[in-house]
Amino acid sequence: MFNDIGPLELVALAVLAVILVGPDKLPTMVSDTARVLRKVREFSQSAQASLRDELPSEFEDLSLEGLHPKALVSKYLLDDESLALDKLAADQDVEKEAPPARR
């Protein structure tokens, strides 16, 4: 999510935070934000744990990261030999199938 933020953007955000909030209130705001993020992370972990507890034994090895749409597509579509992208590109050669252009 935040992988595309560079160091210059972080510095700009820090300067903007100091200007908007003020240097005297900034440490308390940072600590409050960190506390909220920690609570959200704890809530997420407890929800994952309760979800794993409620699932039947067939799903013990289920990882929630594997349910991400990108992971599902790469696992079930791109790893299959019959759906290899280079083979699809060769099968769908547009230049061979295109009718000759009229002049």
Side-chain angles (χ1 to χ4, degrees):
M1 182 173 158
F2 296 110
N3 294 336
D4 58 345
I5 296 178
L8 186 60
E9 286 94 0
L10 288 175
V11 170
L13 287 174
V15 169
L16 185 65
V18 169
I19 291 172
L20 291 176
V21 177
D24 53 336
K25 294 181 183 177
L26 188 63
T28 57
M29 181 173 270
V30 169
S31 66
D32 291 342
T33 304
R35 187 178 315 114
V36 168
L37 289 175
R38 198 173 310 119
K39 291 287 185 183
V40 168
R41 186 179 303 130
E42 289 172 5
F43 175 74
S44 171
Q45 290 172 351
S46 68
Q48 288 179 7
S50 65
L51 181 64
R52 284 194 180 102
D53 291 342
E54 295 294 323
L55 288 175
S57 61
E58 295 88 28
F59 297 107
E60 285 180 1
D61 60 342
L62 178 71
S63 80
L64 294 177
E65 291 82 19
L67 296 177
H68 193 275
K70 286 184 181 179
L72 288 173
V73 167
S74 65
K75 181 178 179 183
Y76 292 108
L77 294 180
L78 298 180
D79 287 344
D80 190 8
E81 291 298 321
S82 64
L83 295 176
L85 293 179
D86 54 350
K87 185 178 178 183
L88 284 174
D91 290 344
Q92 301 295 327
D93 193 6
V94 177
E95 293 176 5
K96 290 180 183 178
E97 294 177 8
R102 294 185 197 179
R103 292 184 188 205

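This chain uses plain numbering: 1 for the first residue, then up along the sequence.
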Write out all pairs satisfying side chain to side chain donor-acceptor pair (under 3.5 Å) with one or both partners inside residues 18-37, taking only residues at least two apart or from two chains. Asp32-Arg35
Transitive ILVMFWY side-chain link Val18 to Val30, under 4.5 Å: yes
So CG of Leu20 and CG of Leu26: to nearest 0.5 Å the spacing works out to 10.5 Å
So, the side chain of Gln45 versus the backbone of Glu42: is there a donor-acceptor pair under 3.5 Å, distance only? no
